[in-house]
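Everything on this sheet refers to the single structure shown next.
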Amino acid sequence: MKKPLLGLSMMPEADFVSAILPVLQSHSVEVLEWSFDAFYDVAEPEWLSGLLDFYAGNNRLLGHGVYYSLFDAKWTDRQEIWLKKLKEEVSRRKYRHITEHFGFMNTENFHQGVPLPVPLLPKTLEIGKDRLSRLQDAIEIPVGVENLAFSFSIDDVKEQGEFLDKLVEDIDGFLILDLHNIYCQSCNFEVDMMEMIRLYPLGKVKEIHLSGGSWQESAYGKKPVRRDTHDDRIPEEILKILPEVLIQCHPEYVIIERLGHTLNTEVDKEFFFDDFNRVKEIIEFSDEPVGDEKIWNRKNRTYSKPVEDLLLHDEQTELTRLLFEGNGTEAIKNSDFHYFKPEDWDEEMIVTAQQIIKKWNPY
């Protein structure tokens, strides 16, 4: 049996490939992950196309979507165009699988948005399954979903594993378990990381993400908020549990993520290579190699109209607007929603969502 393949999330900046050149030249990067939809409307530089084509040609390229928006409650031309471009992408470049993020982004300027969570309800699950099935219908390779770092409440945290399990079952899909996303929730809601991880369907985990992040000062003078910003080294707490996670999940891939503009100094690069080599060593000495590659059973679906819920769409739109406009936390917690339960949300997380949305300005 083989060990999980170690790889990197590819960034489009030339400075990034220059920084990671030593691990590329040593053939240590066994697989690349590429966020293909970040370049849907931009021409790829020749060096980037060549690198992606090289990994695709060796059957070592993974696709990671960002902007499909699995839980947008209204089906629009945006999703149709996204799927059309996905078909074109997988026809010109060979990917082993395609993945997307949990959550919704429904603003016009969606490519600058951030995914927000939805509660586990029959209607939200129905919409998520419909969107995921349409993604799967568009391509002939497996599809998976990544857990989300941001949560409004401890209930979001505790139910996400069950939600993801139900979400992918109709397409025989899989999960990306992002350990820094788990770490963020562990810090922000004071729950043990392994306790949360055991709430996920670990048998469906095919890929693990590792990254670093940053601390945001509390708006209430409390402990700082952990953010999934991909701009620092992997926390020691994550590296300590990685051997146990490998045993529990038997993943096929381990991907390290780092933003392209965050490896500017020699110290940054040194820490990055230290993390990379540490993860490589953990994989090499792990007690449990990955099992036989799972046989994927593609399921054919009878065509139907997209599932929509205009009330939920209106609430998603209103929530995004309230957060962007900087309304007070009490005003948001007192908002009268049918699907969302803001009265149960953590005030610190509401402020965090406001800051994230204002930074990216999705309008």
(request) Check the pair Arg258 / Asp275 against salt bridge (Lys or Arg N to Asp or Glu O under 4.0 Å), numbers first and verdict last. (result) CA-CA 11 Å; Arg258 181 74 182 244; Asp275 283 350; 5.7 Å; no

(message) As a quick check of understanding, evaluate side chain to side chain contact (heavy atoms under 4.5 Å, CB included) for Lys129 and Glu169, giving each step before the final call.
(response) CA-CA 9 Å; Lys129 285 186 172 221; Glu169 62 183 357; 3.0 Å; yes

(message) Under a plain distance cut-off of 3.5 Å, with no hydrogens placed, do Glu89 and Tyr95 share a side-chain donor-acceptor pair?
(response) yes

Give the table of side-chain donor-acceptor pairs shorter than 3.5 Å for residues 36-43, with sequence neighbours excluded, one pair per line with atom names and distance.
unit_1 : atom_1 : unit_2 : atom_2 : d
Asp37  : OD1    : Val66  : N      : 3.3
Asp37  : OD2    : Val66  : N      : 2.8
Asp37  : OD2    : Tyr67  : N      : 2.8
Asp37  : OD2    : Trp82  : NE1    : 3.0
Tyr40  : OH     : Trp82  : O      : 3.4
Tyr40  : OH     : Leu86  : N      : 3.1
Asp41  : OD1    : Lys85  : NZ     : 2.5

(message) Can you classify the ring geometry of Phe340 versus Phe104 as parallel (below 30°), tilted (30 to 60°) or perpendicular (above 60°)?
(response) tilted

(message) I'd like to know if the side chain of His101 reaches the main chain of Gly65, judged simply by a donor and an acceptor atom lying under 3.5 Å from each other, with no hydrogens or angles considered.
(response) yes

(message) I'd like to know if the side chain of Glu318 reaches the main chain of His313, judged simply by a donor and an acceptor atom lying under 3.5 Å from each other, with no hydrogens or angles considered.
(response) no

(request) Identify whether the distance between the nearest side-chain nitrogen and carboxylate oxygen of Glu80 and Lys84 falls below 4.0 Å. (result) no

(request) Before accepting this row, confirm whether a basic side-chain N of the pair Glu237/Arg226 lies closer than 4.0 Å to the acidic partner's carboxylate O. (result) no

(message) Do the side chains of Arg278 and Asp274 get close enough for a salt bridge, i.e. N-O under 4.0 angstrom?
(response) no

(message) With side chain to side chain donor-acceptor pair (under 3.5 Å) as the criterion, how do Glu46 and Ser49 come out once you've worked through the C-alpha distance, each side chain's angles and the decisive distance to 0.1 Å?
(response) CA-CA 5 Å; Glu46 187 175 339; Ser49 293; over 6 Å; no

(request) Determine, using the 4.5 Å side-chain heavy-atom cutoff (strictly less than), whether Ile247 and Leu199 are members of one ILVMFWY cluster. (result) no

(request) Flag the pair Glu30 and Lys280 as a salt bridge only when some basic side-chain nitrogen lies within less than 4.0 angstrom of an acidic carboxylate oxygen. (result) no

(request) Under 4.5 Å between side-chain heavy atoms, chaining through other members, with only Ile, Leu, Val, Met, Phe, Trp and Tyr counted: pull out the rest of the cluster around Val267, sorted by chain and number. (result) Phe271

(message) Just by distance, no angles: are the side chains of Glu146 and Thr99 close enough, under 3.5 Å, to form a donor-acceptor pair?
(response) no

(request) Run the salt-bridge test on Arg93 and Glu44 with the 4.0 Å N-O cut-off and return the result as yes or no. (result) yes

(message) Looking at Arg92 and Glu88, is there a salt bridge between them, counting it only when a charged N and a carboxylate O are closer than 4.0 Å?
(response) no

(message) Can you confirm whether Glu207 sits close enough to Pro4 that some side-chain heavy atom of one is under 4.5 Å from a side-chain heavy atom of the other?
(response) no

Please table the atom pairs, donor to acceptor, closer than 3.5 Å between any side-chain atom in residues 189-198 and protein atoms at least two apart or in another chain.
unit_1 : atom_1 : unit_2 : atom_2 : d
Asp192 : OD2    : Met194 : N      : 3.1
Asp192 : OD2    : Glu195 : N      : 3.0

(message) Quick test of your reading: applying side-chain hydrogen bond (donor to acceptor under 3.5 Å, both in side chains), list the pairs with at least one residue in residues 147-158, sequence neighbours left out, ordered by first then second residue.
(response) Ser151-Gln185

(message) Please list all pairs meeting ring-ring contact (aromatic ring centres under 6.0 Å, His included) that have one or both residues in residues 193-230, counting only residues at least two apart or in different chains.
(response) His64-His209

(message) With clusters defined by side-chain heavy atoms of hydrophobic residues (ILVMFWY) lying less than 4.5 Å apart, directly or transitively, does Ile176 cluster with Leu132?
(response) no

(request) Just grab all the ring-ring contact (aromatic ring centres under 6.0 Å, His included) pairs involving residues 138-182, residues at least two apart or on different chains. (result) Phe71-Phe163, His97-Phe174, Phe102-Phe163, Phe150-Phe152, Phe152-Trp345, His180-Tyr183

